[in-house]
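Report on one structure; see the data block that follows.
The basis for the numbers below is simple: all heavy atoms, side chains too, and nothing from hydrogens, waters or symmetry mates.
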Amino acid sequence: MDYIIEFKDVSKSFKINRNILSKKSVEINAVNNVSFVLARGEILGLVGESGSGKTTIAKLLQGLYMPESGEIILENKKIKEYSRKELALKIQMIFQDPYTSLNPKLTVGTILKECIKVRFSILKQKPSDNFIYEQLKEILYSVGLNSDAINSYPHQFSGGQKQRIAIARALALKPEIIIADEPVSHLDITLQSQIIDLFLNLKKKYNLSYLFISHDLMLVASISDRILVINQGKIIEENESKLILKFPQQEYTKKLINSIPKWNI
Amino acid sequence: MILQVKNLTVGYYRNKQIIPAIKNINLNLNFSEIISIVGESGSGKTTLAYSIMNLIMPYEGKILQGEIFFYKDNKQINLLSIDNQNMRKIRGKNISIVFQDPFSSLNPILTVGEQITETVIAHNNIPKNTVKEYVFEILSKVQIKDVERIYNSYPHQLSGGQRQRVCIAIAIINKPDILIADEPTTALDTTIQKEILNLLWDLQNSFNMSIILITHNLYLTLNTHKIYVMYNGEIIESGYIKDILKNPQKEYTLKLLNSAKRWII
Amino acid sequence: MSLIFISLLILIAVFAPLIVKYDPLEQNLTDRLLPPSKKYIFGTDDLGRDVFSRVVYGTKISLSVGIIAVGISTVIGIMLGLAAGFFGKTIDTVIMRFVDICLCFPTFFLLLMVIAFLEPNIYNVMIVIGITSWPSITRLIRGEVLSIRERDFILAAKINGISTLRILFVHILPNTIGPILVNATLGIGGAILTESALSFLGLGVQPPIPSWGNILTIGKDYIHLAWWLSLFPGLAIFFTVLFFNLLGEGLRDIFDPKY
């Protein structure tokens, strides 16, 4: 199978000071000997509670942190051998809170054009303004927005629309992998399924692979091919979505499934 | 009947004009009943909650019409027309509220014990040394283990679930007649949603409280008696939960139902 | 409302030659020390010059010093503040220790010393005020940058492969504009006061070029005889600084609305 990402025995810890005055620091193992793979064209779900290490894994994958031990391999090359710009064309991220992930002082058009231009400059191409404009419109349409958005500011949009803009920004760099870190947690449930559908459509259209992170097992199961369950920095279970729901192996996984209220009509 | 909202219309100030946020709201709450108000962000649910508690600040907005009757000891009190002092007596003692974000509802520089004690002393004439026992009792009632440690902890030292339990403890310590829970689980992981909801139903049982549950997720309203569906500031549908689930009248209600269906395993 | 007054001031400064009847430098020794009258609205000074014309021309001096001095210190402050806040660690420590040292010097004495060595003229006054007021702006901007650089959209910009320079000037800087503008506006008032004080002491703008400060210098010698020489420039300074301060506060309310 064609693995686009491989995490091999990755560990990362942080030193946290007990309190402001003390010099004693506690070492927290955020990520502890984690190994997994992401196949090309796959949607891999990562489920865990707050503080389980999910976001640290996202940041390690995005090259924002360096692992203390182990290797992260992207397309047969170690992540640390990629420059920041090369990595930007391969992996992009969508953040949890749509209200803070967009620069409030820039118009949507500026935000997206900036990313489109960055991509061309990394590829050492000089497209015409017209071409850039066409790309801009195409990206907006593919996330369900129209060209009215170009001259508007983020605060003029609702939470769901803001998240679409954030997705458009990620797409502007035409990455192969998108990391979605709790992309719908801050949205009402009526919007959640819309955004999930959007993710699925975009995957087909642009041939993307996803790492989908959430604390909501049912949400992750509704979109992912495979699921990783993480608890306190360790991957404790891994299986196909359907199988993990029907036949959970670990206690923790069973606890996650049982925490969902049962629907008795 | 313990609470009756009649024809309530509340508006907020925007650019020197008053824009109505909720219109012609009619709602009944009986003794020991649990009702839910369901709607998306912006539908006016929180405005309704704040109006019942008379928490709409005079510089933010205004009650444009309507009455809110609270029935106690065979007396009928219009919450919108009593003076500030009397409202303060009712708020926190007879009607209490749990907010969405447990982190910002707690004072970061006071310990849990200090904050709960403050609420008790504000409404009762119990001598300070006996309050501690009482607080311990309430903390174990909200299913907190290791009560002594939590009593002496600061909010940032607790997990999200623990914080929300503390907020619930503060809200119920004076054995209110009515508890308003405004999106109590939205800021928490789905893994603890069920626990917090079950806690609320248990408390309702032991104290015979009436509860108003506010949420955007229809799925969480399973154990409630009656639902009020809010859209765009108005109540568009209301009824007993079984009827609404089998036979939703409005398209919007159907949309809410469909969004929640992924929890059906 | 402050905006209206200040726009008026700017207009006066720019169109000064058209407003005044008399050349502010023209001496009319027969009309010395005349009180305000229809002919000379603000009266005349000890050399027979029309005080009104001199005050009006003084507007140009005060405004230019105020704006340019604040401009200099703001530009320095932005450069250093962005660098200290964004890059942190060594660069931050070096810059902030330097700021701390500079803040230890009593500004006014520093100004006096520097001017004493340099030739007192308007350009030196601008530069000197500019380079003595940058430390506090630097600290202010650094604080803002520290809080903004942790926000998701900055992280997103890094992930998007946007160059550091662009992140600093297109993403971070515009989000700090609020406090910068407020600080700058209030700073203009302060700079005008400082310039007036320097000119009053004879260390700033030299006569015969009119500055509110140096009109006051003459005024202090004639305070019993010719009250108008002190009153009018004094009022000019007072109202200008007042309105710049009000403007600054007004801007602060717009950018940082608190209930």
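Environment of NZ in Lys113(A): sparse, with no more than 12 heavy atoms of neighbouring residues, nucleotides or ligands closer than 6.0 Å.
With salt bridges taken as basic N to acidic carboxylate O contacts below 4.0 Å, one links Arg139(C) and Asp100(C).
Formation of a donor-acceptor pair under 3.5 Å by the Lys162(A) side chain with backbone atoms of Phe157(A) is found in this model. Between the side chain of Gln96(A) and the backbone N or O of Glu182(A) there is no donor-acceptor pair closer than 3.5 Å. Side-chain atoms of Gln192(A) come within 3.5 Å of backbone atoms of Leu187(A) as a donor-acceptor pair (strictly under, hydrogens ignored).
Of all the listed residues (Arg169(A), Gln92(A), Met93(A)), the one sharing the greatest number of non-hydrogen pairs under 4.5 Å with chain C is Gln92(A). Across Ile91(A), Ile122(A), Leu64(A), the residue that shares the most heavy-atom pairs under 4.5 angstrom with chain C is Leu64(A). Ranked by non-hydrogen atom pairs under 4.5 Å with chain C, the options Asn103(A), Thr100(A), Val118(A) are led by Asn103(A).
In terms of heavy atoms, Lys105(A) sits closest to Pro174(C) at CE-O, 3.3 Å. Residues Ser52(A) and Glu49(A) approach most closely at OG-O, 2.6 Å, considering heavy atoms. When all heavy atoms are compared, the tightest approach of Ser209(A) to Gly41(A) is OG-N, 2.9 Å. Here the closest non-hydrogen pair linking Glu144(C) and Asn175(C) is OE1-O, 4.4 Å.
With a 4.5 Å cut-off on non-hydrogen atoms, Lys117(A) does not touch chain C at all. Residue Ile111(A) does not touch chain C at all, counting heavy-atom pairs closer than 4.5 Å. Contact of Leu106(A) with chain C is made through the side chain alone, with heavy-atom distances under 4.5 Å.
Within residues 162-169 of chain C, the residues having any heavy atom less than 4.5 Å from a heavy atom of chain A are, in residue-number order, Ile162(C), Ser163(C), Thr164(C), Arg166(C). Contacts of residues 149-157 of chain C with chain A at a heavy-atom distance below 4.5 Å involve Asp152(C), Phe153(C), Leu155(C), Ala156(C), Ala157(C), listed in sequence order. Within residues 70-89 of chain A, the residues approaching chain C closer than 4.5 Å by heavy atoms are, in numerical order, Arg84(A), Lys85(A), Ala88(A).
Listed by first then second residue, pairs satisfying ring-ring contact (aromatic ring centres under 6.0 Å, His included) with a partner in residues 117-140 of chain C read Phe98(C)-Trp134(C), not counting sequence neighbours.
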Report task. Start with the C-alpha gap between Ile188(C) and Ile67(C), add the side-chain angles, then the distance that decides, and say whether side chain to side chain contact (heavy atoms under 4.5 Å, CB included) holds. Result -> CA-CA 6 Å; Ile188(C) 294 181; Ile67(C) 295 176; 4.0 Å; yes

Requested in this report: Dump the intermediate steps for side-chain hydrogen bond (donor to acceptor under 3.5 Å, both in side chains) on Glu195(C) and Ser199(C), then the final yes or no.
Outcome: CA-CA 6 Å; Glu195(C) 179 275 319; Ser199(C) 304; 2.6 Å; yes

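Using bins of under 30°, 30° to 60° and over 60° for the plane-to-plane angle, the ring pair Phe14(A)/Tyr65(A) lands in the perpendicular bin.
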